[in-house]
Amino acid sequence: MRMKQLLATLIIGTSAAFAGNAMAADITGAGATFPYPIYAKWAEMYKKATGNGLNYQSVGSGAGIKQIKAKTVEFGASDMPLPAEELNQAGLFQFPAIMGGVVTVVNLDGIAPGQLKLTGPVVADIYLGKITKWNDQAIAALNPGVRLPAEDITVVHRADSSGTSFLFTDYLSKTNPEFKAKIGAGTAVKWATGVGGKGNDGVAANVQRIKGSIGYVEWAYAKKNKMSHTQLKNRDGAFLQPDDDAFKAAAANADWAKTPGFSVVLTDQPGKAAWPITGVSYILVHKVQEDAAKGKEVLKFFDYAFKSGDAAATELDYVPMPDSVTKLVQDAWKANMKDASGKAIW
């Protein structure tokens, strides 16, 4: 009996030690809601492969930037790349993790998903409060033969500081001068009209709830929630449906090697096949890692995602970073990521 008790104690003690080691290797991140579905999937895969966990808080890009600057998380995530000056001031290093598309979604009876055609200038006028009815001539002209309801448009936008909002407003600013002058591009702007929702999921929930509404969400959220997306007219004049190929076509123009801080913005790219609101989600980490083990674990997580996560990303309608780009990123890890003594952690 005493031997059984001793064995039980040893097993419990060993299990506790393993649990302690796993907990020590767990990492925390916070920020963009745009990539949350794929980060959650990668975290599940990484936990199975290594036993190490990721706690990712999907709180919006603005909150993620604040948290990494305050050093309350191991990494931040933003869909708006930070400029080199801001990165240097905060001692941060930035790298791309995943790409995807932002889509406009509507709640209109009798309109099938992907049936309605919109353009950047028209969407901008809706968000400026200039177009207020679904049967407005500007929308009808784009959709001959489509029976548009004579109901009010309810605009839905993000209420929090959001990288998805940056991509959306950056696109509208590039296609509509009045929108650029009155609202402009940013993670948090002063909207002219509408109802706010927190996160991509909050916007999706409001659009699903409010008849006659329009909103903007990351494509994975639209598909997951079976929402009615619209076509958008791109820079070359083609009306497109959102899909991986359209996102990849927009990303094909990116010059990662020559862009400081990898700060590529993929909205309104040329090319007949390019989706007009394509974006990159970025990871923000401190160049000097006070806890080198945690810093290295962040890099190990994304190294695993780059090497083993492409299929999961594609399944969730994201575009994985090309191998040529992940090579650039990993070379930049070696050059930029140091421990407190100045030694490279990768």
Side-chain angles (χ1 to χ4, degrees), residues 30-44 56-61 63-64 77 79 98-118 123 126-127 134 146 149 151-169 171-172 187 191 194-232 240-247 275-281 309 311-320:
T33 64
F34 176 103
Y36 174 71
I38 187 57
Y39 289 175
K41 181 61 179 177
W42 282 345
E44 177 189 327
Y56 182 72
Q57 303 161 35
S58 178
V59 291
S61 295
D79 304 325
I98 197 73
M99 297 180 286
V102 176
V103 301
T104 41
V105 288
V106 297
N107 184 341
L108 290 173
D109 290 337
I111 302 294
Q115 181 183 11
L116 193 69
K117 293 179 178 178
L118 294 174
V123 174
I126 291 171
Y127 273 78
W134 279 111
V146 177
E151 63 181 298
D152 291 339
I153 299 173
T154 298
V155 164
V156 182
H157 55 71
R158 287 286 286 272
D160 51 337
S161 182
S162 153
T164 308
S165 284
F166 165 73
L167 295 171
F168 183 67
T169 56
Y171 166 64
L172 297 185
T187 56
W191 297 101
V195 177
K198 190 173 182 181
N200 270 276
D201 47 354
V203 171
N206 275 338
V207 172
Q208 288 176 307
R209 180 176 58 83
I210 303 169
K211 289 289 184 186
S213 61
I214 183 172
Y216 57 94
V217 294
E218 197 277 323
W219 178 228
Y221 284 83
K223 288 194 74 175
K224 182 181 74 172
N225 292 293
K226 297 181 172 59
M227 303 185 76
S228 185
H229 68 276
T230 79
Q231 297 180 49
L232 282 176
L240 295 181
Q241 300 281 357
D243 61 26
D244 290 1
D245 288 339
F247 306 151
W275 182 252
I277 322 180
T278 300
V280 184
S281 202
T314 301
E315 188 177 327
L316 289 171
D317 296 289
Y318 292 92
V319 177

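Residues take their numbers from the sequence shown, with the count starting at 1. The analysis underlying the following values was restricted to heavy atoms, covering all of them including side chains, and did not include hydrogens, waters or symmetry mates.
- Considering V155, V207, T154 in turn, T154 is the only one that fulfils the side chain to side chain contact (heavy atoms under 4.5 Å, CB included) rule with V195.
- The two residues R158 and Y216 have their closest heavy-atom pair at N-OH, 3.0 Å.
- A donor-acceptor contact shorter than 3.5 Å links the side chain of Q241 to the backbone of G114.
- Ring geometry for Y127 versus F168: interplanar angle over 60°, hence perpendicular rather than tilted (30 to 60°).
- With a 4.5 Å cut-off on side-chain heavy atoms, N200 and W219 do not count as touching.
- In this structure, E315 places its CD atom where only 12 or fewer heavy-atom neighbours from other residues, nucleotides or ligands lie under 6.0 Å away.
- For the ring pair (Phe, Tyr, Trp, His ring centres under 6.0 Å) test, no residue two or more places apart in sequence or in another chain qualifies with W134.
- Between the CG atom in L118 and the CD1 atom in I214 there is a gap of 5.5 Å [rounded to 0.5 Å].
- The shortest distance between side-chain heavy atoms of V217 and V102 does not fall below 4.5 Å.
- Of all non-hydrogen atoms in P242 and T230, the two that sit nearest each other are CD-O, 4.2 Å.
- Here CD1 of I277 is found 10.0 Å from CZ of F247. Values are rounded to the nearest 0.5 Å.
- Side-chain N or O atoms of D152 include none that pairs as donor or acceptor with a backbone N or O of G212 at under 3.5 Å.
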Report the C-alpha distance between T33 and S58 in whole Å, list the side-chain angles of each, state the deciding distance to 0.1 Å, and finish with yes or no for side-chain hydrogen bond (donor to acceptor under 3.5 Å, both in side chains).
CA-CA 5 Å; T33 64; S58 178; 4.8 Å; no
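- Nearest heavy-atom pair, T164 versus S162, reported as atom, atom and distance to 0.1 Å: N-OG, 3.1 Å.
- In this structure, the side chain of Q115 engages the main chain of A112 through a donor-acceptor pair within 3.5 Å.
- Under the 3.5 Å distance criterion, with hydrogens and angles disregarded, a donor-acceptor pair is assigned to the side chains of D79 and S281.
- Contact check on D160 versus K198 returns no salt bridge, with no Lys/Arg side-chain nitrogen under 4.0 Å from an Asp/Glu carboxylate oxygen.
- At distances below 3.5 Å, at least one donor-acceptor pair connects side-chain atoms of E218 with backbone N or O atoms of A220.
- In this structure, F34 and L167 have side chains that are in contact, with non-hydrogen atoms separated by less than 4.5 Å.
- At a threshold of 4.5 Å between non-hydrogen side-chain atoms, the residues Q231 and L116 do not count as touching.
- Although no hydrogens or angles enter the test, the distance criterion places a donor-acceptor pair under 3.5 Å between the side chain of N107 and the main chain of Q208.
- Between W191 and H157, the angle of the ring planes stays under 30°, which puts this pair in the parallel group of the 30/60° scheme.
- You'll find the side chain of S165 stays beyond 4.5 Å of the side chain of T187, heavy atoms only.
- The heavy-atom pair separating Y36 from Y318 by the smallest distance is N-OH, 4.3 Å.
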Test side-chain contact (heavy atoms from CB on, under 4.5 Å) on L232 and L240 and set out the steps.
CA-CA 6 Å; L232 282 176; L240 295 181; over 6 Å; no
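- In terms of heavy atoms, A77 sits closest to Y56 at CB-OH, 3.3 Å.
- Taking CD1 of I98 as the reference point, atom CG of L316 lies at 9.0 Å (rounded to 0.5 Å).
- With a 4.5 Å cut-off on side-chain heavy atoms, S228 and L108 do not count as touching.
- Shown here for I153 and I126, the closest heavy-atom pair between the two residues is CG2-CG2, 3.8 Å.
- The side-chain hydrogen bond (donor to acceptor under 3.5 Å, both in side chains) check on K117 picks up nothing, with sequence neighbours excluded.
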